[in-house]
Amino acid sequence: MERRGSRSNGMLPLLALHAASEYYRLDRKPPVTAALIAANSLVYLRPAFLEPILPSIHDVWFNPHLILKNNDLKRFLLSPFYHVGESHLVYNMLSLLWKGIKLESSMDSTEFASMVAVLLGMSQGITLLLSKALLVLFDYERAYYSEYAVGFSGVIFAMKVVLNSRSGNYSYVHGIPMPSRYAAWAELALIQMLVPGVSFIGHLGGILAGLLYLRMRGAYSGSDPITLVIRGVTDVLRLPMRFLRRVFPFRRRQVSGRGQVGGTHRGINLADWRCNACTYENSGWLDACEMCSTIRNDNDNGNTMASHPLPHYSRDLTLEELRQLRLERFAR
């Protein structure tokens, strides 16, 4: 097979423009989704600096027979990031962009990265097991057990199942409304009819992986091990920035009830209010002082707030005792 990505028919610039416009309008930019799209695109384009380390597509085709015969983890793990053409890549990345933004915006980015890693492993594993089962039980080898496939669509189908579980009762498949629980299955059938050459069993493995993931998450409370590992790695990577912040401290703009006791009015957000009893700057959402529990009482002067007298248990506290009270309150 000739090398892919050496020539563009104009679809990749459209993908880049669409992704940039989508991210521009978002207040919170989902970093993991952007990284996944960038990784898939770079693997396809194969720039010169990656050429020495990227294996050829011939070495990473997902082929159940070769994976089991040679214990080939490279084919198992890398095949989702390879695509056979520009239209194949762009279609998958547009779908990933929409689903990734929806899912990552509704959860922590570390949790989203963990979910994608789990879905990738499970979709590949289920596809492998289905292919082997068809061979062993029905002696059905040619179509699936010896099939060659690449692409991120198996993971995308798994993400679609998870996304549909968070949506309402109905979802849309190419503009057609239908119950959310059947949307992924309908898209599987529709794609097989419109594009017969795609991997049916790979997409089926993605759907089953999504269903299995939802079942596992429903039966398990707390962070899964992969989330904990990813969070630990990101914490380690943030250590240099934390060190620099300690060496070169800078004053952060106050945006909520986290002001200083006894400070000046400068820098207070108009939505915030200052307790007249202890001078602590509180968020406009609070009705009582976070520091001394004095009740907020608005007057006619807008941002300047008056407060009721301190309760008997805190009226005679010193400034240091008030600080200690707040520390104990948030350390619970």
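What you are looking at is a predicted structure, and each value in this text was computed from that prediction instead of being measured.
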Between [atom1] of [X] and [atom2] of [Y], what distance do you get to the nearest 0.5 Å?
{"X": "L15", "Y": "L97", "atom1": "CG", "atom2": "CG", "value": "7.5 Å"}
{"X": "E22", "Y": "L17", "atom1": "CD", "atom2": "CG", "value": "10.5 Å"}
{"X": "F112", "Y": "L36", "atom1": "CZ", "atom2": "CG", "value": "6.0 Å"}
{"X": "F76", "Y": "I67", "atom1": "CZ", "atom2": "CD1", "value": "7.0 Å"}
{"X": "S21", "Y": "Y24", "atom1": "OG", "atom2": "OH", "value": "11.0 Å"}
{"X": "R215", "Y": "L208", "atom1": "CZ", "atom2": "CG", "value": "12.0 Å"}

Measure the acute angle between the ring planes of W61 and Y148, then classify it against the limits of 30° and 60° as parallel, tilted or perpendicular.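 If you compare the ring of W61 with that of Y148, the planes turn out perpendicular.
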
Any donor and acceptor pair, going by atom type alone, linking the side chain of [X] with main-chain N or O of [Y] inside 3.5 Å?
{"X": "Y44", "Y": "Y82", "result": "no"}
{"X": "H88", "Y": "V84", "result": "yes"}
{"X": "K74", "Y": "V60", "result": "no"}
{"X": "Y213", "Y": "M122", "result": "no"}
{"X": "Y23", "Y": "A34", "result": "yes"}
{"X": "N63", "Y": "H65", "result": "yes"}
{"X": "S165", "Y": "V162", "result": "yes"}

Are F200 and M193 grouped together when hydrophobic residues (ILVMFWY) are joined by side-chain heavy atoms under 4.5 angstrom apart?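 In one cluster with F200: M193, yes.
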
Tell me whether L204 shares a hydrophobic cluster with Y182, the cluster being built from Ile, Leu, Val, Met, Phe, Trp, Tyr side chains joined at under 4.5 Å. no

Work out which heavy atom in L119 is nearest to a heavy atom in A209; give both atom names and the distance.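 In this case the closest contact between L119 and A209 is CD2-O, 4.0 Å.
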
Are any of the side-chain heavy atoms of [X] and [Y] separated by less than 4.5 Å?
{"X": "I156", "Y": "W98", "value": "no"}
{"X": "Y91", "Y": "M11", "value": "no"}
{"X": "T127", "Y": "I201", "value": "yes"}

Decide whether [X] and [Y] meet the rule of one side-chain donor and one side-chain acceptor closer than 3.5 Å.
{"X": "E147", "Y": "S131", "value": "no"}
{"X": "R28", "Y": "S109", "value": "yes"}
{"X": "S106", "Y": "K102", "value": "no"}

Flag the pair F157 / H203 as yes when their ring centroid distance falls below 6.0 Å, and as no otherwise.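 Yes, ring centres under 6.0 Å apart.
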
